> 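Got a structure here, written out as structure tokens. Questions coming.
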There are 2 protein chains.
Amino acid sequence: MNTLSYGLLSLLTKNSRSGYELMQHIQPFWSAKHSQIYPLLAQLEQKGHVAFVHVAQSDKPDKKVYSITEQGKDALREWIAMPTDEPVTRDELSLKVYCIGLVDKEQARMMLAVREVYYKKKKERFNLLMDKLQQASEKPLDQLEIGDDAFGMYVLVHKATMKVDTDLIWCEWMKKKLT
Amino acid sequence: MNTLSYGLLSLLTKNSRSGYELMQHIQPFWSAKHSQIYPLLAQLEQKGHVAFVHVAQSDKPDKKVYSITEQGKDALREWIAMPTDEPVTRDELSLKVYCIGLVDKEQARMMLAVREVYYKKKKERFNLLMDKLQQASEKPLDQLEIGDDAFGMYVLVHKATMKVDTDLIWCEWMKKKLT
DNA sequence: CTCCTTTATGTCATTATTGACATATAAACA
DNA sequence: TGTTTATATGTCAATAATGACATAAAGGAG
């Protein structure tokens, strides 16, 4: 069982979802393509960690909706108790910035501008996510506690928002450096 | 040529280094094991992007010191001009935090405490790095410009410091949430 | 003198991840 | 009516990355 498998189980603790939906919703936490997710779901099903039902849809193609089993929840709890791997970040931009002196200021500015747009779009998405969370919650989000269903998602979106804000501040700082 | 290959070339624009040194110095920007780096260096050498000399050492085993060639620099400039891949972050902790409600507050606090220690050590390393950069520089670091050799490294360490500070603020915020 | 750690280079099997190929339904658009 | 887009599921070859195995020199600890 790899980390992504446990990630899928984690998502399924909140909602039953199809493979396609899981693929979409796990992106902020663990980037993965559908070609990796579908085989893992089949494995998880074989092990009894998840179960699925066919769900017919009139407006869209039919889907297989997966739910976590009690056995799956046990596996999750065991995994959480294990030592946590350190985060891995791979950003091509940092490698390019390292040797930015190879190109001129104008090209450097352009490169950073593209990334800034990416960060701004990302921030927008997190803002929308936070709004959606608030609408679905009876409590104000900052009063959520560990027992509440939305707690994990809330604190992660908060973390992601803090990070993207920091990234945008760095972009502004870089713009001044490249004036 | 994959991204890590270009990353190795990037490092070599500043200093000639051995595979072992490259492996150590690329970690903050792109995590990779020596078993991935040595074969790539051999490929880069075959393509004429780098060249190496054997360097005998009395206090340590001998090493192969690689330098970037003009051809390698051309390849780097071409790569910088290409669209930049989006950053990929994979953090097992975020998956565990998502379903943190499965375990009790005490276990959650412990998990976060381990990560906080990791962030603090990381911050310490970046502080030392920044000190080392300042000592090696004639100018104050905040006056470095794109043409200066240390510029890229400086702005990246600054970015990394900002990020780890944000991570530590989130840890403090989480501690309150888990009181 | 032996064991452990760091430095140093390498290979190879396995695992993780991506990208391409394949198929199909349904809505929207032209 | 044909085309594109989003949804939906899947396989498979190729690439990226890790972990284990292997070797060796040199220093330090005991």
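Predicted, not measured: the structure shown is a model, and the values here were computed from it. A, B, ... follow the sequence lines: proteins, then strands. Residue 1 opens every chain.
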> Given the rule in the side chain to side chain contact (heavy atoms under 4.5 Å, CB included) test, do B:D167 and B:W170 qualify, once you have shown the distances and angles that lead to the verdict?
CA-CA 5 Å; B:D167 289 331; B:W170 181 77; 5.7 Å; no
> Please report, rounded to the nearest Å, how far the C1' atom of D:dT11 is from the CD1 atom of A:I37.
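Taking atom C1' of D:dT11 as the reference, CD1 of A:I37 is at 15 Å.
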> Is the closest side-chain donor-acceptor distance between B:S5 and B:N2 under 3.5 Å?
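Yes.
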> Within the pair A:Q57 and D:dT7, is there a side-chain N or O less than 4.0 Å away from OP1 or OP2?
no
> Nearest whole angstrom, please: distance from the C1' of D:dT7 to the CZ of A:R17.
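In whole Å, D:dT7 C1' and A:R17 CZ are 15 Å from each other.
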> Quick check on the hydrophobic clustering: are B:L168 and B:L93 connected, directly or via other members, by side-chain heavy-atom contacts under 4.5 Å?
no
> Between atom CG in A:L41 and atom C1' in D:dA8, what is the gap in whole Å?
13 Å
> Relative to A:Y20, does A:K63 satisfy both conditions: NZ or CZ under 6.0 angstrom from the six-membered ring centre, and within 45 degrees of the ring's axis?
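Relative to the ring axis of A:Y20, which defines the angle, A:K63 lies outside at least one limit.
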> In whole angstrom, give the distance that lies between atom CG of A:L22 and atom C1' of D:dT7.
14 Å
> Can you give one letter per nucleotide of nucleotides 9-18 of chain C, going 5' to 3': B for a protein heavy atom under 4.0 Å from the base, S for sugar-phosphate only, - for none?
BBBB---SSB
> Compare all side-chain heavy atoms of A:T89 with those of B:V88 and state whether any distance is below 4.5 angstrom.
no
> Can you check the A:E86 CD to D:dT18 P distance for me, whole Å?
12 Å
> Between C1' on D:dA16 and CD1 on B:I26, what's the gap in Å once rounded to a whole number?
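Those two atoms, CD1 and C1', are 14 Å apart.
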> Can you find a side-chain donor-acceptor pair between B:K96 and A:T84 that sits under 3.5 Å?
yes
> Can you name the closest pair of heavy atoms from A:Y119 and A:C171 and give their distance?
CD1-SG, 3.7 Å
> Looking at D:dA6, I'd like to know if its phosphate oxygens (OP1 or OP2) sit under 4.0 Å from a side-chain N or O belonging to A:Q24.
no
> Taking the cut-offs as 6.0 angstrom to the six-membered ring centre and 45 degrees off its axis, would you call A:K177 and B:F151 a cation-pi pair?
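The answer is no; the distance or angle limit is not met.
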> Tell me the bend of the helix from C:dC1-D:dG30 to C:dA30-D:dT1 as the angle between end helix axes, each from five pairs, rounded to the nearest 10 degrees.
30°
> When you look at B:M153 and B:F29, which way does the side chain to side chain contact (heavy atoms under 4.5 Å, CB included) test go after all the steps?
CA-CA 10 Å; B:M153 187 66 177; B:F29 312 123; 3.7 Å; yes
